[in-house]
Engineer: 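Below are the structure tokens for one structure; questions will follow.
Because only heavy atoms are used, hydrogens play no part in the values below, and waters and symmetry mates are left out as well, while side chains stay in. Bear in mind that the values here come from a model prediction, so they are computed numbers and not experimental data. Convention: sequence-line order gives letters A, B, ...; per-chain numbering from 1.
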Amino acid sequence: MKTPEMIEKEAVDVLKTLPENLSAKERAAIPHMDMPVQAPEERIHNMNEVALGYTEDEALVEANRCLQCRNKPCVAGCPVGIDIPAFIHKITEKDYSGALAVIQESSLLPSICGRVCPQENQCQKFCTVGKMMKDVDKAVGIGRLERFVADHEAEHVTIPEIAPETGKRVAVVGSGPASIACAADVRRAGHSVTVFEALHKMGGVLSYGIPEFRLPKRLVDKEIEKLAAMGIDFERNVLIGRTRTIQELMEEDGYDAVFVGTGAGLPKFMGIPGEDLVSVFSANEYLTRSNLMKAYDSSHSFTPFFHSHRVAVFGGGNVAMDAARTALRLGAETVDIIYRRSREEMPARKEEIEHAVEEGCNLRLLQQPVEILGDENGLVKGVVIRKCELGEPDASGRRSPVEIPGSDFTVDYDTVIVSIGNASNPLIKKTTPGIDTNRRGNFIVNEETCETSIKGVYAGGDIVLGAATVILAMGQGRKAAAAINKYLQESTIKNEKV
Amino acid sequence: MYRIVRKEQLSPEVFRMEIEAPMIARERKAGQFVIVQKGGDFNERIPLTIADADPEKGTITIVFQRVGASTFLLAELEEGEAIENVLGPLGTPTHIENYGRVVCVGGGIGVAPLFPIAQAMKAAGNKVSVIIGARNKDLIIEEDKMRGIDPNLTIVTDDGSYGEKGVVTVPLERMLKEGNVDHVVAIGPAVMMKFCTKTAEAYNTPVTVSLNSIMIDGTGMCGGCRVDIGGEMKFVCVDGPEFDGHLVNWDNLMMRQRTYKAQEKEDNDSCRGGICSKLGFEK
């Protein structure tokens, strides 16, 4: 593995020999800059960010690899349509504030998206350089460049312009990525916006779910501060559905529209024997203890965490990787990630899987937990695991796992973390008459406008999509915001006519 | 911010606080709870049942016992000071109906959340008998309030320092034997609720209990509070906190409540010793 110093030296060497006007062929020949990271043996003992971010030299080299394609295939892969070649071009000119301005036309949270977006499935998947190299990993590091710009310009945050006050009021429920994106765009149009959050910290999954070592919380706090500076009101400790209902917000509290971005906040369990044992946790609980409640900082935090030696994580998504890597940092000696398909089918980002493996997490692939065994104190003592093989592709298009009869074996563990996804929280559905949901409990919305079955009530993010990504949630938040702004404008015109 | 307008020490370890929380006061119903977080990045979220509320004044009342570091720190707050975070009302309200005769059994700190339920049961037309129990006289709380609901209130202490000597199941069984008890509500330590349920089982009497499992967010997100109710996984924070006592897997609940015993004891001891390294205070 290359050290940060080696990568920097490589960048300096490339820059020395870079000709003035590069041809496409010359650009494609520039070596791809690796992301400097903390060494695995070091980073499992701290909560600091794993990926250190490009230096200016590294960013300049990587930016010069962009061919500035006229048809911009990467932009089509971006859920919020950032003008990617334009911001990368600004980097090559060392105009970093200009680069940030380009990004901010489309995305509000570059420091966050640059870190947590699955770029290999989005913008970078369509990158011409990656296609020429026949390797998506050799595509231009768009996400890394986005992060570089955001971090470089962190001190020069500009507050977007706000249109004159309209007197209209919008309630935004939840403060995760979908809600943040929606709140910002609605506020820009001059409407007053109140964000209601149930927890004592803003940010939703960015705060309670994604670990510090992947997304430092100071960045989340900073984004929230920016929104507050735009004049958005943040109300903590309000659980819509209990403290107030959607109906009360609209009929009694005078909100003209509501956006629901409450996420997929109900952990799923496997339904196998032993899940009620003491040292079995949902990934949500495990991560919330560590991230939101700061249990990892045990010399300060009053929230305890369970001290584990041998941990089994069930599941193969990003959250499973986060939980496994958190367990290592909390002192576990071994961490096994048990996943029923092969590495190929794992839903986690490739980079997250690689980081987990580098840190010493062990992948148990094509294996399925069938029972959790407990001791007389109700603590986990092992897991019965069944081997699987891959069968025909299922509805998701991935090859489905088929259990192999008679292949059961037992492995010793003292902790199990269940990370097989989330269902939607039924609270708003239960307390909002007339809201339509599908059989999974997700809100049914108009695809163009994100409007629900109730007029003036919009929804986006995981409450609509099921479990998706930060950037998709943001995309829906922005779509809903555009529709809300239009709806409020039309209702103003209508009222004026009357 | 949620200002403390009144603070009383009900017994050496039990405190009552009336807190400004107008939205919660307006919406709350009997049986619901709040999550309290003193403030800052490092304090725990503590689930506490709402003992009373005054919607006109916009206040709710919580009653808590100093059992660990976090409740110790909460008890340090004085009138006029504020709690940074109070979320609620959480959980499903108590199902109130006119059953006929209802016996309400409260143990220790559980007497506080029992009060609004006993009150609502009486308002619904039930004949309400109340039994309250504690380890000793000092730990008996809310006696006057409960006497307002049941003038023949039964008091039980483990050491006989007040009322009858013994445990709450003795008077409960006596009442069940009389034969006209239609419903039992029991709130207290898990072991007390377990034995109240067992006692009522012999008389085929339904029991409502209010469970106090470990939880973080209180909105259904963490799943830490999951309990086994008749073989089905339920979340105390959204499906409960009240359940049919006969369906609760008590042994599992008690086992899960002990998850962090070792760590909690350490913090508690250091606070009580007057040295709280986590807050850097020494007194």
Side-chain angles (χ1 to χ4, degrees), chain A residues 197-201 205 208-209 217 235-239 241-245 248 262-269 271 275-289 292-295 297-307 374 377-379 418 422-423 425-427 430, chain B residues 2 21 23-24 26-28 32 34-35 37-45 68-70 73 84-91 214-228 233 235 238 249 251-264 266-267 277-280:
Chain A
E197 166 61 49
L199 293 173
H200 61 283
K201 274 205 99 146
V205 74
Y208 72 75
K217 299 308 146 213
E235 294 266 358
R236 296 174 294 170
N237 306 309
V238 179
L239 179 60
R242 289 272 190 237
T243 319
R244 286 310 261 166
T245 62
E248 287 168 334
T262 49
L266 201 73
K268 283 190 207 164
F269 286 87
E275 278 184 310
D276 54 4
L277 288 163
V278 171
S279 44
V280 177
F281 305 93
S282 75
N284 281 4
E285 180 183 0
Y286 201 78
L287 291 170
T288 301
R289 270 180 193 281
L292 178 73
M293 306 310 295
K294 306 266 181 271
D297 187 354
S298 59
S299 59
H300 291 100
S301 176
F302 285 98
T303 299
F305 67 88
F306 190 80
H307 295 254
N377 296 316
L379 294 163
V418 182
N422 283 290
N425 192 316
L427 193 54
K430 273 203 282 193
Chain B
Y2 301 80
M23 277 207 280
I24 304 173
R26 185 171 51 186
E27 297 291 328
R28 77 94 208 194
Q32 290 188 297
V34 288
I35 285 198
Q37 199 259 5
K38 194 178 165 188
D41 272 349
F42 298 115
N43 276 302
E44 253 185 307
R45 293 170 67 88
S70 295
L73 292 173
E84 217 170 281
N85 300 292
V86 179
L87 168 67
L90 302 171
I214 289 172
M215 64 177 73
I216 306 178
D217 58 296
T219 69
M221 191 266 286
C222 83
C225 66
R226 63 194 190 278
V227 284
D228 172 1
M233 185 189 288
F235 288 3
V238 288
N249 181 338
D251 295 339
N252 183 261
L253 173 75
M254 287 188 267
M255 211 168 67
R256 290 185 55 84
Q257 282 176 334
R258 288 193 294 265
T259 308
Y260 299 103
K261 262 279 162 337
Q263 288 100 305
E264 281 165 355
E266 209 174 287
D267 280 350
S277 58
K278 289 187 180 176
L279 287 182

Engineer: With a 4.5 Å cut-off on heavy-atom pairs, point out which of A/His307, A/Lys430, A/Met293, A/Arg289 contacts chain B the most.
Structural biologist: A/Arg289
Engineer: Could you check which of B/Gly224, B/Gly220, B/Gly39, B/Gly218 has the highest count of heavy-atom pairs closer than 4.5 Å to chain A?
Structural biologist: B/Gly220
Engineer: Closer than 4.0 angstrom, basic N to acidic O: yes or no for B/Glu27 and A/Arg244?
Structural biologist: yes
Engineer: Name the region of A/Asn425, side chain, backbone, both or neither, that has any atom closer than 4.5 Å to a heavy atom of chain B.
Structural biologist: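 Side chain only.
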Engineer: Check the angle between the aromatic planes of A/Tyr286 and A/Phe281 and answer parallel, tilted or perpendicular using the 30° and 60° thresholds.
Structural biologist: tilted
Engineer: Tell me, side chain or backbone of A/Lys201 under 4.5 Å from chain B's heavy atoms, or both, or neither?
Structural biologist: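 Contact with chain B: side chain only.
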Engineer: Could you have a look at B/Met233, B/Gln37, B/Arg45, B/Met23 and say which one has the most heavy-atom pairs with chain A under 4.5 angstrom?
Structural biologist: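 Of the candidates given, the most pairs with chain A belong to B/Arg45.
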Engineer: Which atom names give the shortest non-hydrogen contact between A/Ser282 and A/Phe269, and what distance separates them?
Structural biologist: CB-CZ, 3.8 Å
Engineer: Quick check on the interface: out of A/Asn377, A/Leu287, A/Asn422, A/Val280, who has the most heavy-atom pairs with chain B under 4.5 Å?
Structural biologist: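 Most pairs with chain B among the choices: A/Val280.
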Engineer: Could you walk me through whether B/Thr219 and B/Asp217 pass side chain to side chain donor-acceptor pair (under 3.5 Å), step by step?
Structural biologist: CA-CA 5 Å; B/Thr219 69; B/Asp217 58 296; 2.5 Å; yes
Engineer: Would you mind reporting whether A/Val278 and B/Arg258 have side-chain heavy atoms less than 4.5 Å apart?
Structural biologist: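 Result no, sub-4.5 Å side-chain heavy-atom pair not found.
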Engineer: With a 4.5 angstrom heavy-atom cut-off, could you sort out which part of A/Leu199 is near chain B: side chain, backbone, both or neither?
Structural biologist: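 For A/Leu199, heavy atoms of backbone and side chain both lie under 4.5 Å from chain B.
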